[in-house]
*Asks:* 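My questions will all concern the structure given below.
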Amino acid sequence: MEKLRRLTIKAGSSFAVIAAAISAGVLPASAFAEWNKAAFDAKNMNDVLKAMGGGAAEKSGDIAITAPDIAENGAVVPIAVASKLANTQSIAILVEKNPSSLAAQFDIPPGTEPNVGTRVKMGQSSNVHAVVKAGGKYYVATKEIKVTLGGCGG
Amino acid sequence: MADPMRIRAQLKGDVTEVRVLMAHVMETGQRKDSAGNVVPAFHIQEVTATWNGKSVLTAQFGPAVSQNPVMNFSFKGGAKGDKVVVSWTDTKGDKRTDEAVIS
């Protein structure tokens, strides 16, 4: 419990630094309007959902996350998400404890299988959420991945 | 111009499976160099894939996607000999477009 509290304080302060850097214009602003900067800057799942224009996400058993339980190298964690929900429109991969939660978002046009895979960085052991937009509603599945070696160069 | 992507597109039944390996440093903006200065974020932002001119996938990447990103997806349709074209744009506005023939 004590460890968790320390982590929270540590995480909180680093977020503040990043936020200050962004507002001071130190970090480059996105050059592309299409890239959803607000969603990629968001710190937790609720903020990401808001930035993507959605409300609360419903838990769903129809989303499968294929990823290792224990990732030896946090710099390359293979994650694949498959959705069995009808009319899947987009799939987003979120890493809860990364400085910014959203790692990648895939838009699935009709005809494309709602099944994508990529590799992400994870700073520490964390829950990974797969957020699927299907038929205008948001659904989420979660998997915990333990990282033995962090991937954010810390 | 960045290094070329490696793209493999394979027809399996009525589904075309595509695997893309992009060459990019994917700098997060979190790391510091030896002098203690923050290395600015530099990563692929947008990836689009088309088949016969029709969009089959668009993706937005954040800095948390691994170095030299890998992307797998599959779509219905496609025939041997068709071309799959993948392109990306990064935070500095660099672009790269490569294509593969479905086999």
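Numbers restart at 1 for each chain; the letters A, B, ... are given by sequence-line order, proteins then strands. Quantities reported herein were computed from a predicted structural model and do not represent experimental measurements.
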*Asks:* Check for me, please, whether A:I91 and A:L85 land in the same ILVMFWY cluster - side-chain distances under 4.5 Å, paths through other members count.
*Replies:* yes

*Asks:* For B:P63, does its backbone N or O pair with a side-chain atom of A:K121 as donor and acceptor, under 3.5 Å?
*Replies:* yes

*Asks:* Is it possible for you to say whether A:F40 and A:M52 belong to one hydrophobic cluster, with membership spreading through side-chain heavy-atom contacts below 4.5 Å?
*Replies:* yes

*Asks:* Report yes if some heavy atom in the side chain of A:Q105 is under 4.5 Å from a heavy atom in the side chain of B:F61; otherwise report no.
*Replies:* no

*Asks:* Check whether B:K76 reaches the backbone of A:P110 with its side chain - one donor and one acceptor, N or O, closer than 3.5 Å.
*Replies:*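 Checking the backbone N and O of A:P110 against the side chain of B:K76, no donor-acceptor pair under 3.5 Å is found.
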
*Asks:* According to the side chain to side chain donor-acceptor pair (under 3.5 Å) rule, which pairs have a member within residues 76-87 of chain A, sequence neighbours left out?
*Replies:*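 Every side chain to side chain donor-acceptor pair (under 3.5 Å) pair that includes a residue of residues 76-87 of chain A, provided the two are not neighbours, is A:S83-A:T88.
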
*Asks:* What part of B:V15 gets within 4.5 angstrom of chain A, counting heavy atoms only: side chain, backbone, both, or neither?
*Replies:*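 Interface part for B:V15: side chain.
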
*Asks:* Aromatic rings A:W35 and B:H43: how do their planes relate, parallel, tilted or perpendicular, breaks at 30° and 60°?
*Replies:*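 Taking B:H43 first and then A:W35, their aromatic rings sit tilted (interplane angle of 30° to 60°).
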
*Asks:* Could you grab the distance from atom NZ of B:K54 to atom OG1 of A:T112, nearest 0.5 Å is fine?
*Replies:*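 That separation rounds to 5.5 Å.
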
*Asks:* Atom CD in A:E113, atom CZ in B:F75: separation rounded to 0.5 Å?
*Replies:* 10.5 Å

*Asks:* Rounded to the nearest 0.5 Å, how far apart are CD of B:Q60 and CG of A:D107?
*Replies:* 6.5 Å

*Asks:* Looking only at heavy atoms, which two atoms of B:A64 and A:A103 are closest? And how far apart?
*Replies:*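 For B:A64 and A:A103, the tightest heavy-atom pair comes out as CB-CB, 3.9 Å.
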
*Asks:* To check you understand the geometry: which heavy-atom pair defines the closest contact between A:A104 and B:V65, and what is its length?
*Replies:* CB-CG2, 3.8 Å

*Asks:* With salt bridge (charged side-chain N to carboxylate O under 4.0 Å, His left out) as the rule and sequence neighbours excluded, what pairs involving residues 58-71 of chain A come up?
*Replies:* A:E58-A:K137, A:D69-A:K143

*Asks:* According to a hydrophobic-cluster definition based on side-chain heavy atoms being under 4.5 Å apart (Ile, Leu, Val, Met, Phe, Trp, Tyr only), do A:I65 and A:I145 belong together?
*Replies:* yes

*Asks:* Flag the pair A:T118 / B:N72 as yes when at least one side-chain heavy-atom distance between them is below 4.5 Å, and no otherwise.
*Replies:* no

*Asks:* Give, for atom CZ of A:F106 and atom CG of B:L57, the distance between the pair rounded to the nearest 0.5 Å.
*Replies:*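 A:F106 atom CZ to B:L57 atom CG measures 7.0 Å (nearest 0.5 Å).
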
*Asks:* Are B:L11 and B:V56 in one and the same hydrophobic cluster, where Ile, Leu, Val, Met, Phe, Trp and Tyr link if side-chain heavy atoms are under 4.5 Å apart?
*Replies:*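 Yes; B:V56 is reachable from B:L11 via cluster members.
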
*Asks:* Does A:V48 belong to the same Ile/Leu/Val/Met/Phe/Trp/Tyr cluster as A:V140, with side-chain heavy atoms less than 4.5 Å apart forming each link?
*Replies:*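 Shared cluster, yes.
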
*Asks:* Is it the backbone or the side chain of A:V76 that comes under 4.5 Å from a heavy atom of chain B, or both, or neither?
*Replies:*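 It is both, since atoms from each part get that close.
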
